[in-house]
Amino acid sequence: EAGVTQFPSHSVIEKGQTVTLRCDPISGHDNLYWYRRVMGKEIKFLLHFVKESKQDESGMPNNRFLAERTGGTYSTLKVQPAELEDSGVYFCASSNLQGAVRNTIYFGEGSWLTVV
Amino acid sequence: RKEVEQDPGPFNVPEGATVAFNCTYSNSASQSFFWYRQDCRKEPKLLMSVYSSGNEDGRFTAQLNRASQYISLLIRDSKLSDSATYLCVVSPGSNYKLTFGKGTLLTVNP
């Protein structure tokens with residue numbers, strides 16, 4: 001069974017440009033999450049989808065970030081315009097069984113973003 | 001105060017050593033506790049959940065002290081393959097909004 005896949009794995013863009021990251025969760029997983037780790041910091045929650053609905057987007061840093069999950073399958077995270085401090089690794093994760101306390105969350109390998 | 005604090009590390013130990021990781025969390029409402037392992041430039045992977053009664057999985061033992069808001073991980077008879085960053089993770093209970101510590105890097109040397 002395929003795990004959580006993310007694209008692109010690496011991206012280098014100039015400040016002010018736009019980047020769109022894509023995540024394909026494990027098939028059948030209704031829950032999809034975005035996390036990110038910026039240099040020297042811990043991994044932080046960005047937002048959570050249940051199917052196509054945003055359940056919690058309290059971790060989104062500002063309105064330059066837009067996440068979508070049309071149709072409740074794959075998700076995109078767009079950064080527009082990108083700033084230097086957006087550099088880091090963006091992890092997508094998925095899980096099934098909404099609300100299950102012991103449910104395992106599976107992470108993708110991450111999309112490494114460098115803004116120059 | 002950070003929500004989840006871990007030993008800053010790094011830890012360098014010889015093969016066969018016993019190594020302990022400590023972690024404290026600030027949110028007393030936290031309900032779920034985990035140790036994740038992350039290899040260099042890879043994704044975090046669940047190592048084990050941590051239960052109030054303590055739990056063991058082979059060479060790995062996890063403990064939780066809710067009163068002290070303290071979590072530990074003990075690795076016995078460490079192997080070269082245990083080299084990784086160990087992440088302490090807590091959740092409010094719905095298991096969707098994980099809060100990570102910065103992680104502690106472990107290197108096991110031959």
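Labels below follow one simple rule: chain letters A, B, ... track the order of the sequence lines, proteins then strands, and each chain is numbered from 1.
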**Study point:** Options A:Gly108, A:Ala93, A:Gly59, ranked by heavy-atom pairs under 4.5 Å with chain B, top entry
**Key:**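 Most heavy-atom pairs under 4.5 Å with chain B: A:Gly108.
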Check your understanding: What about A:Phe45 and B:Phe100, are their ring centers closer than 6.0 Å?
Key ->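 Not under 6.0 Å, so no.
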**Study point:** Aromatic centroids of B:Tyr25 and B:Phe33 separated by under 6.0 Å
**Key:**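 Yes, ring centres under 6.0 Å apart.
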Review point. Taking B:Lys102, B:Gln6, B:Glu3 one by one, which has the highest count of heavy-atom pairs under 4.5 Å against chain A?
Key: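 Highest number of pairs under 4.5 Å: B:Lys102.
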Practice item. Over 60° means perpendicular and under 30° means parallel, so classify the ring planes of B:Trp35 and B:Phe21, tilted if in between. Key: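 B:Phe21 vs B:Trp35 ring planes: tilted.
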Exercise for review: Could you tell me which portion of B:Lys2 (side chain, backbone, both or neither) has an atom closer than 4.5 angstrom to a non-hydrogen atom of chain A?
Suggested key: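 Interface part for B:Lys2: side chain.
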Practice item. With B:Pro44 as reference, evaluate A:Tyr35, A:Tyr106, A:Phe91 under the side chain to side chain contact (heavy atoms under 4.5 Å, CB included) test and give the passing residue. Key: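 That would be A:Phe91.
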